[in-house]
There are 2 protein chains.
Amino acid sequence: MPATLLHPPLGQSRYGVLAQALRSRILQGEWAPGDMMPSESSLAASYGVALGTIRQALSLLVEDGVAVRLHGKGTFVTKGMDGASMMRFFRFSDSDAALEPPESHILSSRLRQATDAEAHAFGLGSSGQVFQFERLRTLRSEPCLLESIVLPLPLFGALAESDSSAWDDLLYPMYQARCGVLIHHAQDELSFAQLGAREAKRLRLTAGHPCVRVDRKAYDIAGRCVEMRVTRGDAFSFKYTAQVK
Amino acid sequence: MPATLLHPPLGQSRYGVLAQALRSRILQGEWAPGDMMPSESSLAASYGVALGTIRQALSLLVEDGVAVRLHGKGTFVTKGMDGASMMRFFRFSDSDAALEPPESHILSSRLRQATDAEAHAFGLGSSGQVFQFERLRTLRSEPCLLESIVLPLPLFGALAESDSSAWDDLLYPMYQARCGVLIHHAQDELSFAQLGAREAKRLRLTAGHPCVRVDRKAYDIAGRCVEMRVTRGDAFSFKYTAQVK
DNA sequence: CAGTGGTCTAGACCACCGC
DNA sequence: CGGTGGTCTAGACCACTGG
């Protein structure tokens with residue numbers, strides 16, 4: 001049980017301070033992803049605040065996607081995204097909308113010096129190292145997506161030293177299992193380009209063929225960028241749906 | 001002042017019922033877009049509920065984007081989207097990110113029978129009529145986007161009968177001013193295609209040139225589809241940013 | 001059944017806005 | 001200054017979950 005804090009709000013609301021305190025306890029691993037947090041009433045008691053106040057604090061965490069409430073069961077720390085849920089707005093192979101998870105094939109991997117952009121995004125010092133690998137995703141053995149993935153190196157050392165043939169098809173759960181990195185959200189930038197010769201060969205298309213290019217940066221709960229990824233695929237079998245509000 | 005309702009919740013929470021009641025009063029025009037709604041305390045009094053309950057109801061409206069709260073001033077009915085805000089995730093002419101609003105040129109317009117898909121989306125009976133027009137958008141006199149816009153006809157009669165040369169560059173505010181239609185949200189579907197000869201000429205590109213195609217359906221506050229639009233532009237000077245959570 | 005989150009109340013006080 | 005929304009309290013009762 002933590003120290004019974006009762007900070008008076010200083011330019012901040014009390015529930016905002018409480019939310020930050022709870023967020024910190026989650027980040028420090030006091031409750032693992034999937035764990036149940038203490039009940040609202042016990043949190044209220046231990047922090048010496050009213051129930052409604054702690055509920056507002058928890059609501060902030062729920063909005064952030066850090067916690068989820070289950071009526072009658074409790075409040076739980078979020079489990080990370082599974083990668084499939086991040087593809088929910090995309091559609092490839094226009095005919096069938098059936099969502100079979102594509103297979104995954106690692107083509108190559110290597111360690112190298114981080115570029116300036118990577119060092120900046122990952123918060124690495126100069127001469128930071130990264131681990132990069134290429135992955136081909138297939139649907140019923142048909143190549144559909146080519147991915148180039150870059151990970152910052154102290155953090156993903158365990159992955160870099162492991163055998164890529166034993167990797168899981170779903171990367172994000174594997175990041176969590178092997179390196180304790182939990183993907184929380186991401187930003188995708190879509191653009192169109194033409195395939196280079198090497199890429200075209202992988203995808204069984206011709207050089208210069210139109211392709212979609214998705215530049216993704218993925219972040220953990222703490223808001224640190226922990227993955228950069230470029231995905232390419234045939235432009236003609238591509239659809240993306242966005243809700244604008 | 002409306003009848004002082006105090007429905008006991010029947011499978012529903014009280015604040016949910018209150019939110020629906022307030023939503024109805026907005027849809028019926030009791031408070032126009034931009035108007036201030038009654039204060040929370042007066043609403044609570046007139047409905048005979050506690051302040052916290054009416055606040056939860058209003059929070060639902062705020063989540064929906066139907067109302068906004070301004071501390072110290074009041075709660076206001078949302079003004080519609082202005083079209084510019086719906087482009088905030090797009091970028092054309094890759095060089096400069098400066099957001100100049102593109103100019104608008106109406107190329108043609110006509111009345112015609114609705115297709116099955118349009119009749120279904122707009123909720124028109126068979127033999128429903130629509131108003132369709134084409135619009136070219138330019139940036140510093142350079143063509144960049146070609147739009148084909150379809151509107152359901154009883155609703156947009158005032159527009160169909162007016163002189164298109166006097167139209168505003170921003171369509172959505174004009175819909176509201178002339179036809180009382182307020183755009184609340186939209187769904188965009190991005191895909192990739194090639195320009196036809198006629199389209200290419202408008203955009204000063206060659207036939208077969210790669211283009212992005214954005215299929216949009218726009219909805220009013222009540223959730224009715226009130227506009228269908230297809231936008232085309234050069235695929236290579238296009239970027240789209242999406243936040244994935 | 002006991003424990004959880006969800007709803008609702010009644011009232012106090014604070015922070016912000018505009019006159 | 002009065003009116004608005006924002007925060008916080010203390011407590012009651014309901015609805016859902018699981019043993």
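These values consider heavy atoms only, across backbone and side chains, with no hydrogens, waters or symmetry-generated copies. Numbers restart at 1 for each chain; the letters A, B, ... are given by sequence-line order, proteins then strands.
Atoms CZ (R55(A)) and C1' (dT7(D)) sit 16 Å apart, rounded to a whole Å. The distance from atom CE of M36(B) to atom P of dC17(C) is 14 Å, rounded to the nearest whole Å. L51(B) has its CG atom 17 Å from the P atom of dC14(C), to the nearest Å. Between the CD atom of E40(B) and the P atom of dG11(C) there is a distance of 17 Å, given to the nearest Å. Following rounding to the nearest Å, Y47(B) (OH) and dC8(C) (C1') show an atom-to-atom distance of 18 Å. Distance, L43(A) CG to dT4(C) C1': 12 Å, rounded to whole Å. For M37(B) and dT4(D), the CE to C1' distance is 14 Å, given to the nearest whole Å. Atom P of nucleotide dA10(D) and atom CD1 of I54(A) are separated by 14 Å, given to the nearest angstrom.
Distance from the side chain of S13(B) is smallest for dT7(C) among the nucleotides dG5(C), dG6(D), dT7(C). Nearest nucleotide to the side chain of R69(A), out of dG6(D), dT9(D), dG6(C): dG6(C). The H71(A) side chain lies nearest to dC16(D) when the options are dT7(D), dC16(D), dA10(C). Distance from the side chain of S41(A) is smallest to dT4(C) among dT7(C), dC8(D), dT4(C).
Classified by interplanar angle (parallel below 30°, tilted 30° to 60°, perpendicular above 60°), the ring pair H185(B)/Y219(B) is parallel. Relative orientation of the Y175(A) and Y172(A) rings is tilted, given thresholds of 30° and 60° on the angle between their planes.
If you check the side chains of R25(B) and Q28(B), you find no donor sitting under 3.5 Å from an acceptor.
A close approach under 4.0 Å does occur between a side-chain nitrogen or oxygen of T75(A) and OP1 or OP2 of dG5(C).
In terms of position along DNA chain D, the nucleotide closest to Y15(A) lies nearer the 5' end than the nucleotide closest to the other residue of the pair Y15(A) and K73(A). Mapping T53(A) and G72(A) onto DNA chain D by nearest heavy atom places T53(A) at the nucleotide closer to the 5' end.
Between the side chain of T78(A) and the backbone N or O of A67(A), at least one donor-acceptor pair lies under 3.5 Å.
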Walk me through it: do L58(B) and M37(B) pass the test side chain to side chain contact (heavy atoms under 4.5 Å, CB included)?
-> CA-CA 10 Å; L58(B) 286 173; M37(B) 297 173 63; 4.0 Å; yes

